[in-house]
Each structure stands twice: as structure tokens, then as C-alpha cells.
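Quick notes on the structure that follows.
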Amino acid sequence: MYVMKTVIALVALVAAAGLALPGESLAQRGMGGGMGGAFTRLYNQQTVETVSGQVLSVDKVAPRRGRLYGIHLMLKTAQGEISVHLGPSWFIERQTMKIAVNDVVDVTGSRITYDGKPALIAALVKKGDETLELRDSRGLPLWSAMKSK
């Protein structure tokens, strides 16, 4: 019983510490671990679109020291460049589909403004006949404990 109360207290403390960091950017707060992170709160079904383009870069974005990093793509489309937020590295790196520079992909996701620039929170990435599913139709990440079946 004492151990359970201690664990609950520690979880509450960590959650409170995360909420006490309003000045940090979303990249610093992370791409979402178990609960989907800040990007889940920004995902909007009303702004879902599909863009096609060539991958210019595959970047590992490390938020703060001690946190896992996320994977972002920079995609060159007919309308210009757009940053695509895929998800946490531990999830992306375990998938069979690999994305590399110069790949041509179709990305379906929610368009947001991130650091003052257009970006997509990816839900689905298609490369040739391969598909990488990242979020369900409501925008909940497939790696998240929040996902209901």
C-alpha cells in the first residue's frame, strides 16, 4: 500500500512539473510518450489534408535532456516546404517502413502552425505500396495508452 501511494505521488509530481513549463516550445516538451504529448492536443480533424512531396531531411528532435526524441521530416511539396511531425523515435524506429532523404511520400495529417511556420502532425504516411499508420481517425497516436479500440 505504501509503495502504491509513493508511486501515485511521484506520478502526480512529474505531471505537475510538466504543466509548470509553459514557456517551452512543443519541441522541447517532446513528441509524446505514453499519452501522445503536446501534438495530440493540437491535432484537429477539421484541418486534415494530404500532401505529397520529396523528403529533404529526416531529423531527430531532442526536446530536453533526459527525454526521448521525436522524428520530424522536412518535405518539399509543390506548395513549398513543410515540417512533418511523425512521432516518438522509439515508435518510428520499430516500424518496418523506413523513410529516407529523397523518398517521395504522401502524408495525411492535421495542418498546424509550429514555431510560426506551417507543419503537419502526421497520421498516415504512404511510400510506394507501403503505409505507416501513426494516428487513428480522431488523431490519437497509435503508441498512446489513450487509444481506445
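Annotation: side chain to side chain donor-acceptor pair (under 3.5 Å) contacts involving residues 49-58, sequence neighbours excluded, comprise Glu49-Arg111, Thr50-Thr108, Ser52-Asp106, Gln54-Asn102, Ser57-Asp59.
Hydrophobic cluster membership differs between Leu132 and Val101, with clusters built from Ile, Leu, Val, Met, Phe, Trp and Tyr side chains linked at under 4.5 angstrom. Put simply, Ile92 and Leu142 are part of the same group of oily side chains (I, L, V, M, F, W, Y) that touch within less than 4.5 Å, one to the next.
Between His72 and His85, the ring-plane angle classifies as perpendicular under the 30° and 60° cut-offs.
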Next on the checklist: Arg138 vs Asp136, test: salt bridge (Lys or Arg N to Asp or Glu O under 4.0 Å). Steps then yes/no.
Outcome noted: CA-CA 5 Å; Arg138 296 175 297 167; Asp136 69 14; 3.4 Å; yes
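Thr77 contributes a side-chain N or O that, together with a main-chain N or O of Gly80, makes up a donor-acceptor pair within less than 3.5 Å.
Across Leu86 and Leu134, no two heavy atoms sit closer than the pair O-CD1, 3.7 Å. In this structure, Ile71 and Ser89 approach most closely via the heavy-atom pair CG1-CA, 3.8 Å. Scanning all heavy atoms of the two residues, the minimum distance from Tyr114 to Ala119 falls at CB-CB, 3.8 Å. Scanning both residues, Trp143 and Gly87, for their nearest heavy atoms gives CH2-CA, 3.7 Å. For the residue pair Val61 and Tyr69, the shortest heavy atom distance occurs at O-CB, 3.0 Å.
The salt bridge (Lys or Arg N to Asp or Glu O under 4.0 Å) test applied to Lys127 returns Asp103, not counting sequence neighbours.
Atom OG1 of Thr47 and atom CG of Leu42 lie 9.5 Å apart (nearest 0.5 Å). Put simply, CD on Gln45 and OG on Ser137 are 6.5 Å apart, with the number rounded to the nearest 0.5 Å. Within the model, atoms CG of Leu124 and OG1 of Thr131 stand 5.5 Å from one another, a figure rounded to the nearest 0.5 Å.
In the displayed structure, Lys98 atom NZ is contacted under 6.0 Å by more than 12 heavy atoms of other residues, nucleotides or ligands. When the shell of 6.0 Å around CD of Glu130 is examined, it contains more than 12 heavy atoms from other residues, nucleotides or ligands.
For the pair Ile121 and Asn44, the minimum side-chain heavy-atom distance is 4.5 Å or more. With contacts defined as side-chain heavy-atom distances shorter than 4.5 Å, the pair Leu120/Leu75 does not qualify.
In the hydrophobic clustering (ILVMFWY side chains linked at under 4.5 Å, chained through shared members), Met74 is joined by Leu56.
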